[in-house]
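Taking it in order: structure first as structure tokens, then the write-up.
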Amino acid sequence: MSKNSVFMGMEFKDFLIWVTQAVFLTLILTSGHAHALTEADVFDWWDAGLITPDEAEEMLALLDEGNENEACLLAQVYAQEECEIDTGANNGNRKSSGQKKSAPRARKKNAQPSASRKKENARPSLAPHGYVMWKARLDSTGRLESHREEIQVSFYRYSLRLGSQELLMYQNDGSEAYFGEISTRELHSHFPLDTLWGAAALYPLGKFYLAALLDTSRTVQARGGYAFNHKNYFEGLFWLRKNHETREIYSGALQTKFDFGKLSTWWEYGQKAPLVKVELSSTKNVPPNASSKNAPTLSWKTTAYYHGDSVPEFTRLSATILKSRFWGSQTISALAKEFANTKLSVNARFINPLHSDSISTRLKAAIQSGPDFLRGSASVTCLSANENCPNMDWQAQISSKIANQWLLEGKMRGKRTEFSVKFWDIPQNFAKIAIILPDGTLNERLQIQNQAHFSADFLDFALTATFKSEKGLHFHPSHASVYTKISF
């Protein structure tokens with residue numbers, strides 16, 4: 001049978017899936033404006049039915065821990081929405097913790113220190129300074145669903161963190177040492193890890209660096225790497241643990257960070273397939289030699305996990321990823337600033353459950369266009385592309401920015417209608433209220449969502465709360481989150 005006859009015999013859905021998978025896998029093997037993910041985004045997708053309660057809980061739990069990068073990966077697959085992902089090594093480090101996300105640092109031999117380098121090597125202040133942080137989520141009864149407390153005091157080159165994590169840290173010109181509860185960000189791991197109690201250290205040797213971990217459960221990690229510069233590096237890891245049966249469990253991992261993403265793999269002895277994580281993204285002008293800031297740009301972003309029937313012991317992956325052999329999404333977008341700042345994007349997500357040959361595929365196409373004073377957007381989502389799209393999800397939105405301080409928005413998704421007003425004096429300080437009609441009428445259900453964020457020299461405060469009213473009932477809380485940080 002000829003190739004043409006094969007394609008002629010394919011159904012449209014099969015052809016569409018085949019083409020999308022081919023593009024997706026090609027980008028993995030070869031090579032608008034997002035915002036930081038917040039609890040308000042997760043609540044909104046949850047209430048709108050874009051994500052399930054379990055998926056929402058997975059993202060909220062990661063945000064509670066401060067692992068914003070991993071939560072953003074879930075958002076790209078579950079809600080098919082863009083958000084900022086830091087591609088540095090410290091996956092899981094809170095932006096509010098005062099630590100910069102970067103690769104493990106290595107010193108350059110015989111290099112003349114720059115002005116910033118001299119400042120970094122200056123004698124640190126002996127005056128104690130730090131912050132106190134409290135974060136909580138409440139359910140519909142007002143009960144604390146989760147909470148996290150943290151106090152950090154820094155003095156000289158030492159920092160002490162107490163609360164939900166107990167840790168003593170030492171950092172000096174690229175050298176690092178940790179004593180206490182050690183996890184993802186301290187070990188610069190691309191994969192989310194369980195918390196280990198012990199000691200870890202990293203020491204640079206020119207552009208090379210060596211690191212080790214020893215915890216109370218007789219877990220040993222040894223790793224070494226080469227830092228090409230402050231952001232790009234390659235490293236290898238070795239894990240060894242003796243369980244209660246005195247059986248040795250060992251595994252090895254490779255992880256690398258480069259200009260357009262991260263690739264990581266981890267294999268434990270006895271497992272049939274390694275755990276693989278892919279985070280790739282790139283933005284280029286079209287045509288490539290265009291130099292104007294307003295030149296059209298083409299972007300793509302790939303997110304994926306792959307593993308066999310089991311994963312290495314120390315990983316702490318979300319439930320849906322653990323249940324899926326292949327889990328990921330691919331986004332391609334084009335932005336033309338000179339044409340009313342128009343942005344087109346296409347997102348495809350793939351989930352292949354373990355012990356199943358079926359692949360759940362969802363496709364989304366979106367467009368945004370217009371100036372700030374009147375900007376519109378629309379999207380359509382094929383909820384089950386592998387079943388020839390029996391159900392389609394349509395969304396539309398219009399927004400207007402007034403006097404650079406007010407933003408009015410209106411959204412529609414099926415019968416669901418939302419109106420919101422946002423005011424700010426600076427981007428960090430804002431208040432927003434949204435009125436949501438899940439059934440499109442005031443006679444049925446009604447929701448009100450409040451958001452507020454205030455940031456000053458010593459205080460950072462954020463509040464998100466949603467209230468619901470069923471037919472014939474008074475308003476009652478649905479869910480809420482509070483974040484407070486006081487610096488000293």
Side-chain angles (χ1 to χ4, degrees), residues 65-68 86 88-135 148-189 195-214 223-233 235 257 428 455-460 484-488:
E65 298 171 3
N67 196 339
E68 294 154 336
D86 178 79
N90 267 358
N91 189 12
N93 193 9
R94 282 198 56 86
K95 293 180 181 178
S96 60
S97 66
Q99 297 177 353
K100 294 183 179 180
K101 296 183 179 181
S102 61
R105 296 191 310 181
R107 291 178 297 199
K108 294 183 179 180
K109 293 182 178 180
N110 302 322
Q112 292 296 327
S114 62
S116 60
R117 188 66 169 174
K118 290 178 180 179
K119 182 178 180 181
E120 181 180 325
N121 290 333
R123 181 182 177 88
S125 172
L126 295 177
H129 59 279
Y131 63 86
V132 177
M133 184 270 288
W134 182 74
K135 186 175 186 179
R148 185 178 182 88
E149 302 82 22
E150 190 172 285
I151 178 172
Q152 179 167 313
V153 180
S154 300
F155 47 95
Y156 192 52
R157 295 187 171 94
Y158 297 89
S159 295
L160 177 64
R161 184 181 298 153
L162 300 173
S164 299
Q165 182 185 22
E166 298 180 354
L167 186 68
L168 176 63
M169 299 169 281
Y170 173 83
Q171 295 178 329
N172 179 22
D173 193 23
S175 299
E176 303 175 14
Y178 303 96
F179 304 91
E181 294 179 319
I182 302 168
S183 187
T184 310
R185 55 183 171 183
E186 289 78 34
L187 297 178
H188 302 278
S189 176
T195 299
L196 302 169
W197 181 271
L202 181 147
Y203 188 76
L205 299 167
K207 289 189 175 182
F208 293 92
Y209 58 89
L210 299 174
L213 160 76
L214 176 63
R223 60 191 174 101
Y226 181 86
F228 300 94
N229 52 47
H230 189 60
K231 294 182 178 180
N232 297 358
Y233 70 97
E235 69 177 10
K257 165 72 174 65
Q428 295 84 0
S455 179
D457 292 337
F458 68 95
L459 176 64
D460 192 11
T484 304
K485 176 184 174 184
I486 301 175
S487 303
F488 57 87

If you round to the nearest 0.5 Å, how far is [atom2] of [Y] from [atom1] of [X]?
| X | Y | atom1 | atom2 | value |
| --- | --- | --- | --- | --- |
| Glu186 | Leu202 | CD | CG | 12.5 Å |
| Arg148 | Ser164 | CZ | OG | 5.0 Å |
| Asn67 | Ser183 | CG | OG | 8.5 Å |
| Leu168 | Glu181 | CG | CD | 13.0 Å |
| Trp134 | Ile486 | CH2 | CD1 | 11.5 Å |
| Thr484 | Asp460 | OG1 | CG | 8.5 Å |

Please determine whether the number of non-hydrogen atoms from other residues, nucleotides or ligands lying under 6.0 Å from atom CZ of Phe458 exceeds 12.
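No, the 6.0 Å shell around CZ holds no more than 12 heavy atoms from other groups.
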Kindly indicate whether the side chain of [X], heavy atoms from C-beta on, has any atom under 4.5 Å from the side chain of [Y].
| X | Y | answer |
| --- | --- | --- |
| Trp197 | Ile182 | no |
| Tyr131 | Arg161 | yes |
| Tyr178 | Gln171 | yes |
| Lys135 | Glu150 | no |
| Val132 | Phe488 | yes |

Can you name the closest pair of heavy atoms from Asn229 and Asn232 and give their distance?
OD1-N, 2.7 Å
Show the nearest heavy-atom pair for residues Arg157 and Pro124, with the distance to one decimal.
CG-CG, 3.6 Å
Is there a side chain to side chain contact (heavy atoms under 4.5 Å, CB included) between Tyr209 and Arg223 once you walk through the steps?
CA-CA 8 Å; Tyr209 58 89; Arg223 60 191 174 101; 4.3 Å; yes
Just jot down the ring-ring contact (aromatic ring centres under 6.0 Å, His included) partners of Tyr170, sequence neighbours excluded, or say none.
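Listed in chain order: Tyr158.
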Could you tell me whether the side chain of Asn172 and the main chain of Ser175 form a donor-acceptor pair under 3.5 Å?
no
By side-chain hydrogen bond (donor to acceptor under 3.5 Å, both in side chains) - contacts of Glu149 (at least two apart):
His147
Taking only residues two or more places apart in sequence, or in another chain, which ones meet Tyr226 in a side-chain hydrogen bond (donor to acceptor under 3.5 Å, both in side chains)?
none
Begin from the C-alpha positions of Glu176 and Tyr203 and carry the test side chain to side chain donor-acceptor pair (under 3.5 Å) through to its verdict.
CA-CA 7 Å; Glu176 303 175 14; Tyr203 188 76; over 6 Å; no
Member of Met169, Met133, Gln165 meeting the side-chain contact (heavy atoms from CB on, under 4.5 Å) criterion with Gln152
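For Gln152, the side-chain contact (heavy atoms from CB on, under 4.5 Å) check succeeds only for Met169.
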Please evaluate residues His129 and Phe155 with respect to the criterion side chain to side chain contact (heavy atoms under 4.5 Å, CB included), reporting the C-alpha separation (whole Å), side-chain torsions for both, the decisive distance (0.1 Å), and the verdict.
CA-CA 7 Å; His129 59 279; Phe155 47 95; over 6 Å; no
